[in-house]
2 protein chains.
Amino acid sequence: MKPSIFVVEDDPDISRLVRHHLEGAGFVVKVFATGNTVVMESERQRPTLFILDIMVPGRDGLELCRQIRQTPLLASTPVIFLTAKSGEADRILGLELGADDYIPKPFSPRELVARVKAVLRRFERPLSQSPLKVGEIEIDPSAMTLSVRGQLVGTTATEFRLLDYFARHIGRVFTRDQLLDSVWRDTAYVTPRSVDVYVRRIREKIEPDPESPRYLKTVRGAGYRFEAPK
Amino acid sequence: MKPSIFVVEDDPDISRLVRHHLEGAGFVVKVFATGNTVVMESERQRPTLFILDIMVPGRDGLELCRQIRQTPLLASTPVIFLTAKSGEADRILGLELGADDYIPKPFSPRELVARVKAVLRRFERPLSQSPLKVGEIEIDPSAMTLSVRGQLVGTTATEFRLLDYFARHIGRVFTRDQLLDSVWRDTAYVTPRSVDVYVRRIREKIEPDPESPRYLKTVRGAGYRFEAPK
DNA sequence: CTCAAATGTTTCAATCTGGTTACAATCGGG
DNA sequence: CCCGATTGTAACCAGATTGAAACATTTGAG
């Protein structure tokens, strides 16, 4: 799932610029020219991050930020300010607002993207880190390694994420769509049947006999389930 | 063990801001509104770093710094000042006080975190850091020398830091962004792909055959991992 | 037993990612 | 101030990965 960014900015030149570069970096961008409907929309759509111009008509950016912070659903969403004069920075900082960064105008596209990414990285729930052992399978996320019966086995990034997800939810059945939601980065145009292909690839790597799987079982009509063999 | 930071700052708006962002960056933060109990507490808890507002009631920040410097247990703990006027900077840094950096208000969260990290990096016992041997590679940080198969090999500063970082975290996968965060000096906006270039330069120096690396492995879709060859 | 639905398997084009090189900008010593 | 070293970027290329499609096989309801 691509991160989505809500941008509140009245100057169309700037918002166009911001949108263009953030989209180029793989984000989904939604621009609001005024602050009026932002909070309402946000509660429904839950953006990953806000970028607010300090001065926007309809509602002051600072006020908007405060409102975001006071809305339970949005309180923990990171906020980045766009500021024109550095003098304004005082106000931001003086006013406790809990913005996570600010970007002074004018800014370079690269700086914009880098800062957004940096803030998101801070907020990203870190991936599972502890190594995991199931049967004869060992998964070490921090090294991104997989051992099967003592042998190191290479995996692609997607294979690894999917296997790790399964192994951390032993015994639970997941539909293909659930797996796409939780494991795939950008689910937009992925067919559920692609999961089948990855299940096959994983089975080839972990199952002694891929034809009769002992770990990654098919649950006909539902999806797949990962089991610890007896 | 997370580094712990003692912040002496009477303005609650600012101290909240500082705490929030430093905690977000993975530090343990303790805030003091006055300088009165700081030294005593510090002798027991041994913070990794101090951040002092120049003007704090109860005890002047400068005075506090001087006291820290004269306390044997704390003398080598880095100190960063928060200053309002940039004019004060010279005095703090240059003269008697032995502060290690200052952050002029207003500051951006990013700058705050970047400076703290930079100072900590400088203080990471650069001298006592032990030489390191991995396979046929020997790294001596105190001399900044690299030997490969008994031969001294020249490196640039950045190459050396990156290699050293890898060699001290054997087996772990690092994304390009993580490497930029931990190894690069100024938190400027460097393209993640620059890491690739340095990896190549390091490989040329340490790998018998840079085409099929035995130490510095690529982890497709994730980043790089340094291994001790078997 | 039959058949439709579900899943397995293989293939392959498009896309993505990393490798590599060349080079411009910057730094630092003399 | 100049020059070589270092740093970081851009551009291009090769190869790996991804995911859809096509076809095969299995399952189980009736």
Side-chain angles (χ1 to χ4, degrees), chain A residues 1-2 21 24-26 108-111 113-114 144 146 153-163 173-177 179-181 183-207 209-225, chain B residues 144 146 153-163 173-181 183-207 209-226:
Chain A
M1 189 74 145
K2 287 185 185 179
H21 288 106
S108 74
R110 161 172 311 202
E111 183 178 356
V113 173
M144 208 182 124
L146 165 67
V153 179
T155 61
T156 70
T158 309
E159 288 166 11
F160 190 85
R161 283 200 309 274
L162 180 57
L163 173 57
V173 179
F174 296 99
T175 66
R176 293 173 177 72
D177 285 319
L179 292 168
L180 287 180
D181 276 350
V183 175
W184 262 251
R185 295 192 179 286
D186 183 0
T187 59
Y189 306 99
V190 183
T191 302
R193 291 303 308 282
S194 289
V195 173
D196 298 30
V197 177
Y198 277 90
V199 165
R200 158 120 197 311
R201 286 172 181 157
I202 288 176
R203 279 175 178 162
E204 265 188 356
K205 295 186 178 182
I206 66 172
E207 301 283 1
D209 175 15
E211 311 302 312
S212 48
R214 302 194 307 139
Y215 293 97
L216 223 179
K217 303 275 179 91
T218 301
V219 182
R220 203 181 164 77
Y224 296 98
R225 173 176 56 215
Chain B
M144 211 186 112
L146 165 67
V153 179
T155 61
T156 70
T158 309
E159 289 167 10
F160 190 84
R161 282 200 309 275
L162 180 58
L163 174 57
V173 176
F174 295 98
T175 66
R176 294 173 177 71
D177 284 323
Q178 286 174 331
L179 292 169
L180 288 180
D181 273 354
V183 174
W184 262 249
R185 287 291 183 200
D186 57 55
T187 334
Y189 304 101
V190 180
T191 301
R193 291 304 306 281
S194 290
V195 173
D196 298 31
V197 177
Y198 277 89
V199 164
R200 159 109 201 313
R201 288 170 182 159
I202 289 176
R203 278 176 179 160
E204 269 189 352
K205 296 185 177 182
I206 67 171
E207 301 282 1
D209 175 14
E211 311 302 311
S212 47
R214 301 192 313 140
Y215 293 97
L216 222 179
K217 302 274 179 86
T218 301
V219 183
R220 203 156 233 279
Y224 296 98
R225 175 178 54 218
F226 194 83

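In what follows, chains carry the letters A, B, and so on, assigned in the order in which the sequence lines appear, proteins first and then strands, with residues in each chain numbered from 1.
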Proximity to the side chain of A/R176 - top-ranked nucleotide from C/dT9, C/dT20, C/dT7
C/dT7
Any side-chain heavy atom of A/F160 within less than 4.5 Å of one from B/V219?
no
From CG of B/D196 across to C1' of D/dA10 the rounded distance in Å is 13 Å
Check the phosphate of C/dG8 against A/Y224, side-chain N and O only, distance under 4.0 Å to OP1 or OP2. Yes or no?
yes
Quick one: label B/V195 by what it contacts on the DNA or RNA (base, sugar-phosphate, nothing), any heavy atom closer than 4.0 Å.
nothing
Separation of D/dT9 C1' from B/L180 CG (nearest whole Å):
13 Å
Send over the distance from A/E207 CD to C/dT9 C1', rounded to a whole Å.
16 Å
Are any non-hydrogen side-chain atoms of B/Y224 and B/R176 less than 4.5 angstrom apart?
yes
Are any of the side-chain heavy atoms of A/Y198 and A/L163 separated by less than 4.5 Å?
no
From CG (B/L162) to CZ (B/F174), nearest 0.5 Å
10.0 Å
Using modelled atom types only, decide if a donor and an acceptor are shared between the side chain of A/R203 and the backbone of A/L216 within a distance under 3.5 Å.
yes
Generate the contact string for nucleotides 15-29 of chain D. Rules: B means base contact, S means sugar-phosphate contact only, - means no protein heavy atom under 4.0 Å.
BSSBBB------B--
Can you find a side chain N or O atom of A/T218 that sits less than 4.0 Å from OP1 or OP2 on C/dA6?
no
Once rounded to the nearest 0.5 Å, what's the spacing between atom CG of B/L146 and atom NZ of B/K205?
8.0 Å
Return a single string for nucleotides 24-30 of chain C, one symbol per nucleotide in 5' to 3' order, where B is base contact, S is sugar-phosphate-only contact and - is none, cutoff 4.0 angstrom on heavy atoms.
-------
If you assign each of A/R203 and B/P210 to its closest nucleotide in DNA chain C, which residue comes earlier from the 5' end?
A/R203
Rounded to whole angstroms, how far apart are CD1 on B/I202 and C1' on D/dT7?
13 Å
Spell out, as yes or no, whether a donor-acceptor pair under 3.5 Å connects the side chain of A/E207 to the backbone of A/R214.
yes
